[in-house]
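Note sheet for the following structure.
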Number of protein chains: 2
Amino acid sequence: MAANSQFAMAVHVLTLLARSGEAAVKSECVAGSVNTNAVVIRRLLSQLNQAGLVASQTGAFGGTRLAKTPNAINLVDVYKAVCCGEVFALHGSPNQDCPVGKNIEAVLCNLQKEIDSSVTVALARYTLADVMESVEQA
Amino acid sequence: MAANSQFAMAVHVLTLLARSGEAAVKSECVAGSVNTNAVVIRRLLSQLNQAGLVASQTGAFGGTRLAKTPNAINLVDVYKAVCCGEVFALHGSPNQDCPVGKNIEAVLCNLQKEIDSSVTVALARYTLADVMESVEQA
DNA sequence: TTGAACTGTAACTATACTTGTTACAGTTAT
DNA sequence: ATAACTGTAACAAGTATAGTTACAGTTCAA
């Protein structure tokens, strides 16, 4: 239970909300499908809410629904909403007196950007509607 | 110091070894450039050794050198040698009684493979020789 | 053949991140 | 008013990485 599975959970949750259409879904109900605690779901929904992907209503008979149509929700948006977005981390503080240590950071930083960008491009090919369709077909 | 920076460290270390050519480099010396402990370096070198990227010699005047030419070392090889190779993790155990929970795993698994593959493709464009050149130019 | 200089690896600590859980303040429909 | 929600703080537990010490095993050189 250490690996970051927030993106996977987010896609699951959004797919669930998409199927409910306009009807608000309770965090307890979502938690039942994901098989986790409702607070974990509410924490996740809080991030998706900040990203403008969902809208929640407090109070009795409240709950959460999508803030956009499934077609308008790209998986990149989901990824950026819940992930730090770095495939690999840069290492601490290389020795600046070493010719390699002095320059490797900049080189690795450019590489990092390029790799992260490739992930973004790959995710951008899919929307929540595509995921729904795949889930339906399975 | 929690994020996985092993790939970044590995590229740094390999670049250093590449510059030394045939001469074996001591772990203590590598640690000096990376600015970390020699044991951390030896642990990393152990993984690179298992991947056939470097060769070590024990005993006095021992050390480590590249097992291939910089041109023959692709960054994908380095990535696979030190990383688990998953951009995002799947989540635990979705509820199989839920239509979404039942099928989302397979969909996410396919997506995961595709995203991981895009990282591989992006890394495959570079060899250690390319990194060396970039470090030299900086 | 002894000793010094290395690697390889186990074991432990510190730190940090994710998840799960309880608790509770705030909000809303009936 | 009250019951039913969300939002969020606070804490515990599990796990991964990094750093450190210690030491067995290997190799060269005198």
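Protein chains get the first letters and strands the later ones, always in sequence-line order, with residue 1 at the start of each.
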Nearest to side-chain heavy atoms of Ala60(A), which nucleotide of dA11(C), dT28(C), dT30(C): dT28(C)
dC28(D) OP1/OP2 closer than 4.0 Å to side-chain N/O of Gln57(B): yes
Exam field: side chain Asp116(B) to backbone Lys113(B), donor-acceptor pair closer than 3.5 Å: no
Short side-chain N/O contact to dT7(C) OP1/OP2 from Ser46(B), under 4.0 Å: no
Nearest-Å distance for atom pair CD/C1', residues Gln50(B) and dT7(C): 14 Å
Atom pair CD (Gln6(A)) and SG (Cys83(A)), whose distance is rounded to the nearest 0.5 Å: 7.0 Å
Distance, rounded to the nearest Å, where Asn4(A) contributes CG and dA16(D) contributes P: 14 Å
Sugar-phosphate only, base, or nothing, as touched by Gly63(B) at under 4.0 Å among non-hydrogen atoms: sugar-phosphate
Neighbour count above 12 (heavy atom, 6.0 Å) for Lys68(B) NZ: yes
Most 5' of Phe61(A) and Ser56(A) on DNA chain D, judged by nearest nucleotide: Phe61(A)
Value in whole Å for how far the C1' atom of dT7(C) lies from CZ of Arg65(B): 14 Å
Listed nucleotide nearest any side-chain atom of Thr58(B), set dG7(D), dT27(D), dA10(D): dT27(D)
Integer-rounded Å distance: dG7(D) P and Asn49(A) CG: 6 Å
Integer-rounded Å distance: dA16(D) C1' and Phe7(B) CZ: 20 Å
Greater than 12 external heavy atoms within 6.0 Å of Glu28(A)'s CD: no
Whole-Å gap separating C1' (dT18(C)) and CD (Gln47(A)): 12 Å
Minimum-distance nucleotide to Arg43(A) side chain [options: dA10(C), dT21(C), dT6(D)]: dT21(C)
Nucleic acid contacts - residues 11-37 of chain B versus DNA chain D, non-hydrogen atoms under 4.0 Å: Thr36(B), Asn37(B)
Val40(A) side-chain proximity, nearest of dA29(D), dA23(C), dT21(C): dT21(C)
Side-chain (Asn35(B)) to main-chain (Ser93(A)) donor-acceptor, under 3.5 angstrom: yes
Phe88(B) CZ to dT19(C) P, straight-line distance once rounded to whole Å: 14 Å
Electrostatic pair Arg19(A)-Glu136(A), nearest N-O below 4.0 angstrom: yes
Any Tyr79(B) side-chain heavy atom under 4.5 Å of Ile115(A) side chain: no
Any Arg42(B) side-chain N or O less than 4.0 Å from OP1/OP2 of dG8(C): no
Euclidean distance, atom NE2 of residue His91(B) to atom C1' of dT19(C) [Å, nearest integer]: 14 Å
Close side-chain approach of Lys80(B) to Val76(B), heavy-atom, < 4.5 Å: yes
Upstream residue (5' side of DNA chain C) when Met9(A) and Gly62(B) are each assigned their closest nucleotide: Gly62(B)
